[in-house]
Amino acid sequence: MDARLNLYGNAVATKFARYINSAGKVVSDSALPPATQELVKIRASQINGCGFCTDMHTKDAAHAGETAQRLHLVAAWREAKVFTDAERAALELTEQGTRIADAAGGVTDEAWANAAKYHDEDQLAALVSLIALINAYNRMNVIIQQPAGDYQPGQFG
């Protein structure tokens with residue numbers, strides 16, 4: 001399988017990626033816990049059917065020390081006992097923020113209040129930014145049918 005467009009060989013796509021990656025650095029450097037960041041990226045990528053991002057972020061999370069058990073249970077996080085209340089709140093916000101077209105009114109006040117219970121304002125800003133960012137990456141990769149499976153942890157820096 002080949003991608004429809006080479007994101008790494010096209011000048012416009014490369015320039016866009018440089019800017020969007022800079023936005024990602026703001027989030028990765030934030031106080032939002034790194035484990036939460038990876039869980040959010042994995043869950044949004046699963047929902048969006050982005051194999052490339054799911055492959056990347058599960059491998060990056062495992063490389064950073066995340067357990068196989070937690071990685072296997074991200075898709076079923078509501079029934080799993082292995083996530084903290086703060087992670088659950090972030091995953092709920094991720095799901096609602098990713099599926100905004102599926103729900104009248106978008107993200108519920110309850111989901112927001114629950115996330116705010118566990119995350120300060122800077123962490124919430126990082127969380128909202130991360131949800132928007134991973135959804136953008138997912139959409140790019142799904143549109144061009146970026147193949148999954150070959151990613152190596154850290155290959156993009």
Side-chain angles (χ1 to χ4, degrees), residues 1-10 13-99 111 114-115 118-157:
M1 169 189 255
D2 291 325
R4 293 173 170 160
L5 176 69
N6 180 355
L7 292 178
Y8 313 107
N10 177 279
T14 300
K15 187 173 183 180
F16 180 77
R18 193 169 36 251
Y19 285 109
I20 199 168
N21 289 339
S22 294
K25 180 141 177 47
V26 172
V27 174
S28 64
D29 290 346
S30 75
L32 187 64
T36 301
Q37 292 183 38
E38 289 303 327
L39 294 173
V40 164
K41 290 184 263 188
I42 293 165
R43 187 63 191 125
S45 299
Q46 290 171 334
I47 292 167
N48 289 323
C50 183
F52 184 82
C53 289
T54 301
D55 179 50
M56 172 192 286
H57 297 298
T58 54
K59 287 176 179 176
D60 282 348
H63 185 74
E66 188 60 79
T67 68
Q69 180 186 32
R70 282 171 41 98
L71 291 174
H72 293 307
L73 289 171
V74 171
W77 64 269
R78 282 182 178 83
E79 293 81 26
K81 301 186 296 183
V82 298
F83 302 104
T84 68
D85 289 341
E87 289 168 338
R88 291 173 169 290
L91 288 165
E92 180 64 34
L93 195 66
T94 300
E95 287 195 4
Q96 290 190 22
T98 298
R99 294 182 165 151
N114 195 35
Y118 299 104
H119 301 92
D120 66 25
E121 191 170 278
D122 285 345
Q123 290 174 324
L124 284 170
L127 183 57
V128 169
S129 299
L130 179 59
I131 293 166
L133 183 66
I134 191 60
N135 274 279
Y137 279 122
N138 290 165
R139 279 151 177 75
M140 290 170 51
N141 286 315
V142 169
I143 290 167
I144 67 160
Q145 296 182 345
Q146 186 70 37
D150 294 332
Y151 177 78
Q152 298 299 312
Q155 90 177 43
F156 294 123

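The chain is numbered in sequence order, starting from 1. Just so you know, these numbers come straight off a predicted model, no measurement behind them.
The aromatic rings of Phe156 and Tyr8 lie parallel to each other, with less than 30° between the two planes, well short of the 60° mark.
Paired with His57 under the rule side-chain hydrogen bond (donor to acceptor under 3.5 Å, both in side chains), one option of Glu66, Gln37, Glu38 passes, and it is Glu38. Partner of Val40 under the side-chain contact (heavy atoms from CB on, under 4.5 Å) criterion, out of Thr94, Val27, Val74, Leu32: Thr94 alone.
For Asp55 (side chain) and Gly51 (main-chain N/O), no donor-acceptor pair under 3.5 Å exists by modelled atom type. Listed for the Asn10 side chain is no donor-acceptor partner under 3.5 Å among the backbone atoms of Asn6.
Summarising the geometry of Ala23 relative to Leu133, their closest heavy-atom pair is C-CD2, 4.4 Å, with the distance given to 0.1 Å. Listed here is the closest heavy atom pair of Ala75 and Arg43: CA-NH1, 3.9 Å. Closest approach of His119 to Ala86, counting heavy atoms only: CE1-O, 3.3 Å. Glu87 approaches Thr36 most closely through the heavy-atom pair CG-OG1, 3.8 Å. The two residues Gly49 and Val142 have their closest heavy-atom pair at O-CG2, 3.9 Å. When all heavy atoms of Ala44 and Thr98 are compared, the closest pair comes out as CB-OG1, 3.7 Å.
In this structure the side chain of Leu39 reaches within 4.5 angstrom of the side chain of Arg70, judged on heavy atoms. Taking the side chain as every heavy atom from C-beta outward, Glu92 and Trp77 approach each other to under 4.5 Å. Between Met140 and Phe16, the closest side-chain pair of non-hydrogen atoms falls below 4.5 Å. A heavy-atom distance below 4.5 Å is not found between the side chains of Val26 and Ser129. With a 4.5 Å cut-off on side-chain heavy atoms, Lys25 and Asn21 do not count as touching. With a 4.5 Å cut-off on side-chain heavy atoms, Leu91 and Glu95 do not count as touching. Residues Gln123 and Pro33 meet the side-chain proximity criterion, which asks for heavy atoms closer than 4.5 Å. Between Ile47 and Asn138 there is no side-chain heavy-atom pair separated by less than 4.5 Å.
Within a 6.0 Å sphere centred on CG of Asp150, heavy atoms belonging to other residues, nucleotides or ligands number 12 at most.
Rounding to the nearest 0.5 angstrom, the gap separating the OG1 atom in Thr54 from the CG atom in Asn48 is 8.5 Å. The OG1 atom of Thr58 sits 11.5 Å away from atom NZ of Lys41, with the distance rounded to the nearest 0.5 Å. A distance of 4.0 Å separates CD1 of Ile131 from CG of Leu93, quoted to the nearest 0.5 Å. The NZ atom of Lys59 lies 12.5 Å from the CD1 atom of Ile42; values are rounded to the nearest 0.5 Å.
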- Start with the C-alpha gap between Cys53 and Ile134, add the side-chain angles, then the distance that decides, and say whether side-chain contact (heavy atoms from CB on, under 4.5 Å) holds. CA-CA 8 Å; Cys53 289; Ile134 191 60; 4.2 Å; yes
